[in-house]
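Within every chain, numbering begins at 1; the chains are lettered A, B, ... in the order of the sequence lines, protein sequences first and strands thereafter.
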Amino acid sequence: MSDESSVLPRKVLERSALEVAPLLLGCVVVHESPEGRVAIRLTEVEAYAGAGEDPGSHAHRGETARNAVMFGPPGHLYVYFTYGVHWCANVVCLPRGRASAILLRGGEVIEGERLAWGRRPAARSSAELARGPARLAQALGLTGAANGLDLCDGRGPVFLYAGEAVDRSLVRTGPRTGVGGDGAARPWRFWLNGERTVSPYRAHMPQQRAPRASAAGAG
DNA sequence: CGGCCGATCCACT
DNA sequence: GTGGATCGGCCGA
């Protein structure tokens, strides 16, 4: 597989996430670990911009310890922890100092399916192995330990290949998933029409907290 | 296949 | 202290 598919040049990722996101459709992300190798062909991605431009972006309020990788050079993984349970993976865009990233929302496991099933026993079908950003990260075996890894230096353990050419007429765009405020209206989600590995659209849900046990009597 | 709802840690204010 | 770029178990069809 990798012999027939070239590494995606870092130069491609020097543009904004909005420009690069549709180009990532059909590309192949690979993670090699002691457990083995899993490759995923991307079918759904979401673009996030930088400080001041995008309320839905982790970089909206400037650089912090968490989002520092977003402000670094392009071609690196930004992996963050969410909902107390899940990891999600992004590809960083734009030159150092300018934050932008593309969330990997869905894909098709094209290599290492056995290992992916081992990591995702709850999946009900092979299409569910990497449908949804946290599922995709889990199928690849990506956690916080992968934050900041370089996809483009060819040294691994993560790689990004150009993959086989996709029919451009299959590219669709629409509002981002699970993002509230002004960010919801932005058509910055991209997917390949007809793929079974594209996650269903869900509008932003206002969170209601689970009731926490309080020690003192409320009277 | 799809709807409902609880889970559970971290970053930020 | 608070909410989040989400998912799985359970149930019904």
- Item | Intra- and interstrand pairs of DNA chain C - dot-bracket, Watson-Crick/G-U under 3.5 Å, | marks other strand | ||||.|||||||.
Within this structure, what is the [atom1]-to-[atom2] distance between [X] and [N], rounded to whole angstrom?
X        : N     : atom1 : atom2 : answer
A:Arg66  : C:dG3 : CZ    : C1'   : 11 Å
A:His86  : C:dT6 : NE2   : C1'   : 4 Å
A:Leu103 : C:dG4 : CG    : P     : 16 Å

- Message: Side-chain N or O of A:Arg105 versus OP1/OP2 of C:dT6: is the shortest distance under 4.0 Å?
- Response: yes
- Task: Look at A:Arg61 and B:dA11 and indicate whether a side-chain polar atom (N or O) is within less than 4.0 Å of OP1 or OP2.
- Result: no
- Item | Residue pair A:Ile102, A:Tyr48: steps toward the side chain to side chain contact (heavy atoms under 4.5 Å, CB included) verdict | CA-CA 6 Å; A:Ile102 299 165; A:Tyr48 287 86; over 6 Å; no
Distance-only donor-acceptor test (3.5 Å): side chain [X], base [N]:
X        : N      : result
A:Tyr80  : B:dA11 : no
A:Arg124 : B:dG2  : yes
A:His58  : C:dA5  : yes

Nucleotide nearest [X] when distance is taken to its side chain, options [options]:
X        : options             : answer
A:Ala122 : B:dA7, C:dA5, C:dG8 : C:dG8
A:Met70  : C:dG4, C:dG8, C:dA5 : C:dA5
A:Val85  : C:dT6, B:dT8, C:dG8 : B:dT8

- Centre of A:Trp191's six-membered ring, under 6.0 Å away, within 45 degrees of the axis: is that where NZ or CZ of A:Arg189 sits? yes
- Is it true that the NZ or CZ of A:Arg66 lies under 6.0 Å from the centre of A:Phe81's six-membered ring and within 45 degrees of the ring axis? no
- Message: With the stacking rule set at 5.5 Å and 30°, tell me whether A:Tyr48 counts as stacking on C:dA5.
- Response: yes
- Upstream residue (5' side of DNA chain C) when A:Arg131 and A:Phe81 are each assigned their closest nucleotide: A:Phe81
- Query: Looking for any heavy atom pair under 4.0 Å, which part of the strands does A:Arg196 touch: base, sugar-phosphate only, or nothing?
  - Reply: nothing
- Task: Check A:Pro187 against A:Thr173 and note the closest heavy-atom contact, atom names and distance.
- Result: O-OG1, 2.8 Å
Taking distance alone, no hydrogens or angles, what donor-acceptor pairs closer than 3.5 Å link side-chain atoms of residues 16-25 of chain A to residues at least two apart or in another chain?
{"residue": "A:Ser16", "atom": "OG", "partner": "A:Glu19", "partner atom": "N", "Å": "3.3"}
{"residue": "A:Ser16", "atom": "OG", "partner": "A:Glu19", "partner atom": "OE1", "Å": "3.2"}
{"residue": "A:Glu19", "atom": "OE1", "partner": "A:Ser16", "partner atom": "N", "Å": "3.4"}

- Query: Are A:Thr197 and A:Glu44 close enough that a side-chain donor and a side-chain acceptor fall under 3.5 Å?
  - Reply: no
- Spatial distance of atom OH (A:Tyr78) from atom CG (A:Asn147) [nearest 0.5 Å]: 7.5 Å
